[in-house]
Amino acid sequence: QVQLVESGGGLVQPGGSLRLSCASSRFTSDYYSMAWFRQAPGKEREGVSCISTRDGMKYYSDSVKGRFTISGDNAKTTVYLQMNNLKPEDSAVYYCAASNLPAYDNTWSLSVWYEVWGQGTQVTVSS
């Protein structure tokens with residue numbers, strides 16, 4: 001059974017940084033796309049960032065562009081989300097997801113595009 005396990009969440013002050021990790025039980029290159037989503041209480045799950053494992057193309061939501069960076073490791077088993085200049089509105093449960101479909105501008109942020117999900121890690125930005 002394929003597993004994705006997130007880690008790295010926690011409590012951080014506004015303006016601080018965190019790095020989330022998503023460890024896969026399979027090579028991330030076995031998937032076309034790896035992504036991060038987040039869900040705050042009472043809100044819908046939203047796409048944060050996605051990386052294509054085929055060509056390295058990266059996608060970001062407007063709300064995190066310039067502050068967050070998605071990357072993968074050389075062993076191709078872990079995907080990271082570096083989050084800088086965090087804001088209270090970034091507080092949410094962050095989920096890692098994997099898809100056997102290629103990512104496109106109009107599809108990467110859709111939850112239904114992804115078949116495999118992690119259990120989530122909580123990020124709280126507060127002073």
Side-chain angles (χ1 to χ4, degrees):
Q1 183 177 355
V2 177
Q3 284 189 318
L4 299 175
V5 180
E6 302 96 334
S7 61
L11 173 64
V12 63
Q13 292 187 343
S17 298
L18 282 175
R19 189 175 81 157
L20 304 183
S21 299
C22 171
S24 173
S25 60
R26 288 172 54 178
F27 290 116
T28 54
S29 54
D30 287 351
Y31 305 106
Y32 262 101
S33 313
M34 300 289 297
W36 287 94
F37 283 73
R38 66 186 182 188
Q39 188 167 20
K43 294 188 176 181
E44 292 188 358
R45 188 170 296 191
E46 66 167 333
V48 174
S49 183
C50 172
I51 184 168
S52 169
T53 64
R54 296 298 186 268
D55 59 14
M57 181 72 75
K58 300 177 182 180
Y59 303 86
Y60 297 96
S61 66
D62 288 342
S63 60
V64 306
K65 199 172 294 182
R67 298 188 297 123
F68 290 11
T69 303
I70 191 170
S71 63
D73 70 335
N74 291 334
K76 301 187 186 301
T77 58
T78 305
V79 174
Y80 303 100
L81 185 68
Q82 178 66 43
M83 306 186 296
N84 298 329
N85 190 22
L86 283 160
K87 305 174 181 180
E89 51 265 41
D90 294 318
S91 298
V93 177
Y94 282 71
Y95 298 91
C96 179
S99 175
N100 290 309
L101 301 172
Y104 301 106
D105 275 333
N106 60 342
T107 61
W108 74 265
S109 61
L110 302 174
S111 298
V112 296
W113 203 250
Y114 300 85
E115 301 89 27
V116 185
W117 292 83
Q119 83 291 346
T121 184
Q122 177 71 48
V123 171
T124 303
V125 184
S126 175
S127 55

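Excluded from the calculations below are hydrogen atoms, water molecules and symmetry mates; all remaining heavy atoms, backbone and side chain alike, are included. Sequence positions, counted from 1, serve as the residue numbers for this chain.
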(Q) So for atom CD, which belongs to Glu44, do other residues, nucleotides or ligands contribute more than 12 heavy atoms lying within a distance under 6.0 Å? (A) no

Q) For the atom pair CZ (Phe68) and OG (Ser63), what is the distance rounded to the nearest 0.5 Å? A) 7.5 Å

Q. Are Asp90 and Lys87 within salt-bridge range, i.e. N to O under 4.0 Å?
A. no

Does any N or O in the side chain of [X] come within less than 3.5 Å of the main-chain N or O of [Y], such that one atom is a donor and the other an acceptor?
{"X": "Lys58", "Y": "Ile70", "result": "yes"}
{"X": "Trp108", "Y": "Ile51", "result": "no"}
{"X": "Glu115", "Y": "Asn100", "result": "yes"}
{"X": "Thr28", "Y": "Thr78", "result": "no"}

**Q.** Any side-chain heavy-atom pair of Gln39 and Ser111 under 4.5 Å
**A.**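 Heavy-atom side-chain distance check fails, nothing below 4.5 Å.
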
Q. Would you say Tyr104 and Trp113 make side-chain contact, with heavy atoms under 4.5 Å?
A.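 In short, these two side chains touch, coming nearer than 4.5 Å.
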
Q. Does NZ or CZ of Arg19 come closer than 6.0 Å to the centre of the six-membered ring of Tyr80, within 45° of the ring's axis?
A.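 Judged by the rule (NZ or CZ under 6.0 Å from the ring centre, within 45° of its axis), Arg19 counts as positioned above Tyr80.
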
Q: Before giving the answer on side chain to side chain contact (heavy atoms under 4.5 Å, CB included), spell out for Tyr114 and Leu101 the whole-Å C-alpha distance, their side-chain angles and the decisive distance to 0.1 Å.
A: CA-CA 8 Å; Tyr114 300 85; Leu101 301 172; over 6 Å; no

(Q) With clusters defined by side-chain heavy atoms of hydrophobic residues (ILVMFWY) lying less than 4.5 Å apart, directly or transitively, does Met34 cluster with Val48? (A) yes

Q. Leu4 and Leu81: same hydrophobic cluster, using ILVMFWY side-chain contacts below 4.5 Å?
A.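 Yes, it is one cluster - the side chains of Leu4 and Leu81 are joined through contacts under 4.5 Å.
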
Q: Could you please spell out the steps behind the side-chain hydrogen bond (donor to acceptor under 3.5 Å, both in side chains) verdict for Thr124 and Ser126?
A: CA-CA 6 Å; Thr124 303; Ser126 175; over 6 Å; no

(Q) Looking at every non-hydrogen atom in both residues, tell me the closest pair between Trp36 and Cys22 and how far apart they are. (A)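 Result for this residue pair: CZ2-CB, 3.6 Å.
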
